[in-house]
Amino acid sequence: MKYRASGKEVLRDGEHVADCTSPALASTIASLLNLPAWLDHRADRSKSRWAARLYRIIADDLRARLHEEDKADG
């Protein structure tokens, strides 16, 4: 899943996710939602097994927290 900002909207694969008060806020939120994928990419490229494991743990924790919030809203 790739999140992106389009004006004051946050989109996921072209589908509307949220409205924001400013384009800058929408961009920040989209960047934060993309953070787990970025951490996974860093883990794949890491030469250190320890660092790769740490990146994956952080990414998994962030994903779990995002899904926890989705369940609370729905």
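Bear in mind that the values here come from a model prediction, so they are computed numbers and not experimental data.
When every heavy atom of A59 is checked against every heavy atom of P36, the shortest pair comes out as CB-O, 3.6 Å. Taking each heavy atom of V10 and A26 in turn, the nearest pair found is CG2-O, 3.7 Å. Minimum interatomic distance between A5 and A30 (heavy atoms only, all atoms of both residues): N-CB, 3.9 Å.
Here K2 contributes atom NZ and L33 contributes atom CG; the two are 11.5 Å apart, rounded to the nearest 0.5 Å. If you take CG on D40 and CG on L35, they are separated by 10.0 Å, rounding to the nearest 0.5 Å. Remark: L39 CG to L54 CG distance equals 9.0 Å, nearest 0.5 Å. Taking CD of E9 as the start and CD of E15 as the end, the distance is 11.5 Å to the nearest 0.5 Å.
Under the 4.5 Å side-chain heavy-atom criterion for grouping Ile, Leu, Val, Met, Phe, Trp and Tyr, V17 is connected to I29 within one hydrophobic cluster. Linking ILVMFWY residues whenever their side-chain heavy atoms come closer than 4.5 Å, directly or via other members, leaves I57 and W50 in distinct clusters.
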Item to complete: Would you please test D61 and R65 for salt bridge (Lys or Arg N to Asp or Glu O under 4.0 Å) and show each step?
Response: CA-CA 6 Å; D61 185 56; R65 289 173 189 260; 3.0 Å; yes
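The closest donor-acceptor contact from the side chain of S46 to the backbone of R42 lies at 3.5 Å or more, if one exists at all. The backbone N or O of L25 sits less than 3.5 Å from a side-chain atom of S22, completing a donor-acceptor pair. Judged purely by atom type and a 3.5 angstrom limit, T28 uses its side chain to pair as donor or acceptor with the backbone of A24.
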